[in-house]
Every structure is written in structure tokens, then in C-alpha cells.
Amino acid sequence: MTKRFANENFPPEIQEKAERMNTDESKVPFYELPGLPVSDHISGSEFQTRIRSRIIAAFEKYMYGIVPPRCEELVFETTSEGMAFNGLALRREVDIICRHNGMERILHMLTYLPCNAGKKVPVFFGLNFKGNHGITHDPGVTFHAFERYAPVNPDSRRQADDRLDESGRGGVAGRWDVENVLKRGYAVATICYFDIYPDVPAGFEKSIMRMYYTPEQWNSPERDTGAISAWVWGIQRGLDYLETVPEIDSQKIAVHGHSRLGKTALWAGAVDQRIALTVSNCSGTCGAKLCHRHFGEDFEWIHYWNSHWFRTDFEQYICRDLEFPIDQHMLMAAIAPRLLYVASGSLDEYADPRGEFEAAVAASPAWRISGGSGIGTTTFPECGKLVGSEIGYYLRRGEHDFTPENWKVLMDFADTRLK
Ligand code: GCU
């Protein structure tokens, strides 16, 4: 291990951790998944009332922790409006002002609404890594100035604040493909995840979690949540706003995310039934991939770099992945019978494409009890072939990324099921 980190010269104690991960398919030991609590005797509605909440409680208890409740006061303030992309869409920027416990946090949301739709439109909403101005070259997007967090470890490209400065406008436009999404009749919405919880170990003070926890509570071994749950909270405030937008069909909200934000999208999809379509792209460990399959990134590695993503006591499962009482197929099941879409990159072995697919297969009974078929196959598909029914699965040839090809296939899936 590992191709993805081959260029980094780790000191021996970190390299040792890297070596403990497996990327050899022939070395995957036999594994059994914790059972999905569904059977022929359970109806879809019983699943919704009894089982789903148990699954959510288990993920709160073992992995992501609690998503705080809605804040006491929420105000939506439109800060700019204008035409974009030669009249293709209206750009509207909104401050989502969150007040709680005498404190305030502002989430800056960027939305594009296709013009001349003639009816309410579905929306793709996702958090972004690098700032709203990074997702498109549209010069009208406000650049929100920020103070950059100093790197914790200058030798590592992780644990870093790599938001784009103003000159980086459009820096990740390829990952968003905004114009094509609008042309196909979808609205676009995004918030930078740093607005919600700055993704660095010292992120707490400026995060929304500060409105709910004291620094003492946050730094204690009893911390019962982490940054992924904070980002889910931010997605929920975004949903609170999107539900009020007259141009948007609030029954057709898709929430998407790549990598750590794919993990976040899955957790959001599980806890919030307003999300009609949940999209996980290359979400890997603690996302779509099964932890009981010993392949790719493990708990030790993810926790070493990103302990702030999880509740504190998740660390007890380091090097004990196979003993983890739950697995990610259960998280997916909590999304049923709503739509789920999982995409992997064939060369993204670290995120274990096959483990992501197997999780979707193992989650499928949760759709079957409501008369659906879930992913509808047990055969790992070849690259470039979309499979599935209420769960879509797509293996793109290539690395860890979210590309225009991903958007095209995702919208093909959404066109027939969400629209
Ligand atoms: C790290 C982390 C992964 C995560 C990825 C990302 O590599 O270990 O689990 O998916 O960051 O979010 O880019």
C-alpha cells in the first residue's frame, strides 16, 4: 500500500500503519456482515417506524455521533441575484444565518435556478471543499474572504485548509459541471463545508458545533459527535432553505458528495427523509465501503488523519474493524425506500470499489420489502455500465474523482427516477 500515497515519504511509524492495509484481492479474508434487521415478516412501513431509527441510533453510537437539532433561529437573507451563463440560469446567493445559544454562524449558499423551466425543478445540492467560487468560472459568484488555518503538519497534504483564494475561481469546475447540470433542467446548490465545520483539527471554535458544545465538552473523551455530523447539520439547514424556494420542487432534492463529503451525504440521507436521492461518490471508508471486508483504507488510517470527523470513542475500533458491530450496508438501508446512487473509480482501490458495490447488494433487502429491488444484481459490473434500480451503481474507469462522466450518468439515472 498504497498507490495513492506512494509519493509521500512517511516516517516509519506511519508507514507501518499504511502497510497494515490490504489492496490484494486474494488476501481478503472470509467475512460475515452484521445482519440487516429485515425479513419477510417485516413490512416496509414497519421498517420505517422501528428499524430505521435503530440503525440511525447505532451509527450515532459507534461512528458519526449525534447530529445536533435545528438551531433556535434561522434567517435566510438573499445577498445577490443575477443572470448567469448567458441567460441559462438565475444565480441567487443566500446567507443562511443560524443563531443558537447566544451565538451565530453564517452559511453562504450559492444557487443556480434554470430559466424558462416552466415548472418547479429538481435540485442537486452538495457541499464543496474549496469555496463556492471554486465550482464555476462564473465571475458573479461572491468570493468570501477567509483566514487560512496554518497546516498542522507541513509535510502532509492532508489535515490542510486548501480552500481556493480569489484567483482560484473555477478551480474545481470540472467536478461540478454546473452548466451541463442546468442545461438538463436541474437547479444547483452548494455551501462550502468550512462554513459549517472547518476541516482541520482546530476547526471546532468556528464551527456550528460551538453553538452546542463547550470547548471542554469537545475536547473530552465523552465527545459524542464529530465533524461529519456537523456537515450533515449544515446540509439540513441548506434543506430548510431549499424547501422555501418557489422554483424548486422540494420533493426532488438530491444531495451529493465526493469522498469525505460522500460519507457525509450518506449519513445525511439516512437521517433526513427530505432527501429524495442520496449520491455517494468515491466515499470509501465510513462511507459506502464495507469495513468487514479487509481491503483499502482501514479505521486506523482514517482515524489517524481525521479523528475530528468522528465521536471520540470510535477510536476503540482501531485495528478491530472486523469486530465493528455494524457496517455500511445498514447505513444505506436507512435510506430505503428513497433513491440511492453509489459511484466508484476503478483505480480508487483505497476506497474499495468492490466493497462499495457489495454494501449496496447487502442493503438491497431494505428496498425489496417495499416492493423494489435495490441494486437488483449481485454481479460486480464492468466499468462504464450503470446498473441498478432504486440503488444505482456506477464504476467509472479511473481514479478518485468526480468527473463530467459521473455527472452525465448520474443525471441519466435521475432523469428516469427523480424527474
Ligand atoms: C482521506 C481519507 C478518506 C477520504 C479522503 C477525502 O484520504 O482518509 O477516507 O475519503 O481523505 O475525503 O478526500
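As the structure lists them, so they are numbered: ligands from 1, and atoms in each ligand from 1. Start at 1 with the first residue, then count along the sequence.
- Aromatic ring centres of F324 and F299 lie closer together than 6.0 Å.
- Annotation: cation-pi pair R223/Y213 absent, no NZ/CZ under 6.0 Å from the ring centroid and within 45° of its normal.
- Per-residue contacts place I302 under 4.0 angstrom from the following atoms of ligand 1 (heavy atoms of the residue considered): 9 (O).
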Trace of the side-chain contact (heavy atoms from CB on, under 4.5 Å) decision for Y341 with L386
CA-CA 10 Å; Y341 182 91; L386 171 66; 3.7 Å; yes
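- Using a 4.0 Å cut-off to heavy atoms of S259, the atoms of ligand 1 that qualify are 4 (C), 5 (C), 6 (C), 10 (O), 12 (O), 13 (O).
- At under 3.5 Å, not a single nitrogen or oxygen of T285, backbone or side chain, sits near a nitrogen or oxygen of ligand 1.
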Run I97 and I106 through side-chain contact (heavy atoms from CB on, under 4.5 Å) and show every step you take.
CA-CA 5 Å; I97 303 167; I106 300 180; 4.3 Å; yes
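- For ligand 1, the polar-atom distance check against R260 finds a nitrogen or oxygen pair separated by under 3.5 Å.
- Taking every non-hydrogen atom of N306 and a distance limit under 4.0 Å, the qualifying atoms of ligand 1 come out as 2 (C), 8 (O).
- Looking at R91, its side chain never comes within 3.5 Å of a backbone N or O of L110 through a donor-acceptor pair.
- Using a 4.0 Å cutoff on heavy atoms, K263 counts as a contact of ligand 1.
- No part of W305 comes within 4.0 Å of ligand 1, judged by heavy-atom distances.
- Cation-pi geometry between R184 and Y186 is not met at under 6.0 angstrom from the ring centre and within 45 degrees of the axis.
- Of the polar atoms of S283, none of the N or O atoms is found under 3.5 Å from an N or O of ligand 1, judged by distance alone.
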